[in-house]
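Basis for what follows: all heavy atoms, side chains included, without hydrogens, waters or symmetry-related copies.
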Amino acid sequence: MRTVYEAANLIDAHLVRQALEAEGIPAFVRGEALIGGMGDLGVFGLVAVMVPEAAWWRARALVDALDLGGITDDETDAGDATGEDIAG
């Protein structure tokens, strides 16, 4: 299994899971049971949507098409939209 989407919360994760399953891609939410153990603390990286390795590319394309407003590979640099360094 491979992570196709790291969710901010359970609702977000289940919406993505349902979109994938509607396209015939099996998916499940990893870390769902861990949320209650952390209380109301914002812990990142616990909740993710997982798909089989063979379906990852198709699932990744679908998640990208959903335009969820998350960070893309192009935005992981330290620069902003103008290409300037944010830190300085």
Side-chain angles (χ1 to χ4, degrees):
M1 297 300 277
R2 188 167 171 190
T3 300
V4 71
Y5 181 72
E6 286 195 21
N9 55 57
L10 285 177
I11 294 171
D12 190 29
H14 280 284
L15 289 173
V16 171
R17 179 190 57 83
Q18 289 174 351
L20 291 168
E21 289 178 345
E23 293 297 318
I25 301 170
F28 76 94
V29 177
R30 178 196 75 202
E32 184 172 12
L34 299 174
I35 297 300
M38 300 309 292
D40 291 331
L41 298 175
V43 179
F44 300 101
L46 287 180
V47 181
V49 180
M50 309 287 291
V51 297
E53 184 74 33
W56 190 85
W57 288 106
R58 195 168 138 227
R60 184 71 240 168
L62 179 63
V63 169
D64 288 344
L66 293 174
D67 192 23
L68 300 169
I71 295 175
T72 63
D73 292 337
D74 297 336
E75 296 172 356
T76 56
D77 298 338
D80 64 5
T82 63
E84 296 178 17
D85 189 10
I86 293 173

Nearest heavy-atom pair of Ala27 and Leu20: which atoms, and what distance? CB-CD1, 3.9 Å
In Å, rounded to the nearest 0.5 Å, how long is the span from CG of Leu15 to OH of Tyr5? 9.0 Å
With a 4.5 Å cut-off on side-chain heavy-atom distances among I, L, V, M, F, W and Y, is there a chain of contacts connecting Ile25 to Leu66? yes
Going by side chain to side chain donor-acceptor pair (under 3.5 Å), name the residues that satisfy it together with Glu21, two or more places apart in sequence or in a different chain. Arg17
Just list the side-chain donor-acceptor pairs under 3.5 Å for residues 46-57, sequence neighbours left out, or say none.
from, atom 1, to, atom 2, distance (Å)
Glu53, OE2, Arg2, NH1, 3.3
Trp56, NE1, Thr3, O, 2.9

Cluster question for you: counting only ILVMFWY and a side-chain heavy-atom cut-off of under 4.5 Å, with indirect links fine, are Val4 and Met1 together? no
Could I get the full list of side chain to side chain donor-acceptor pair (under 3.5 Å) partners for Arg58, not counting sequence neighbours? none
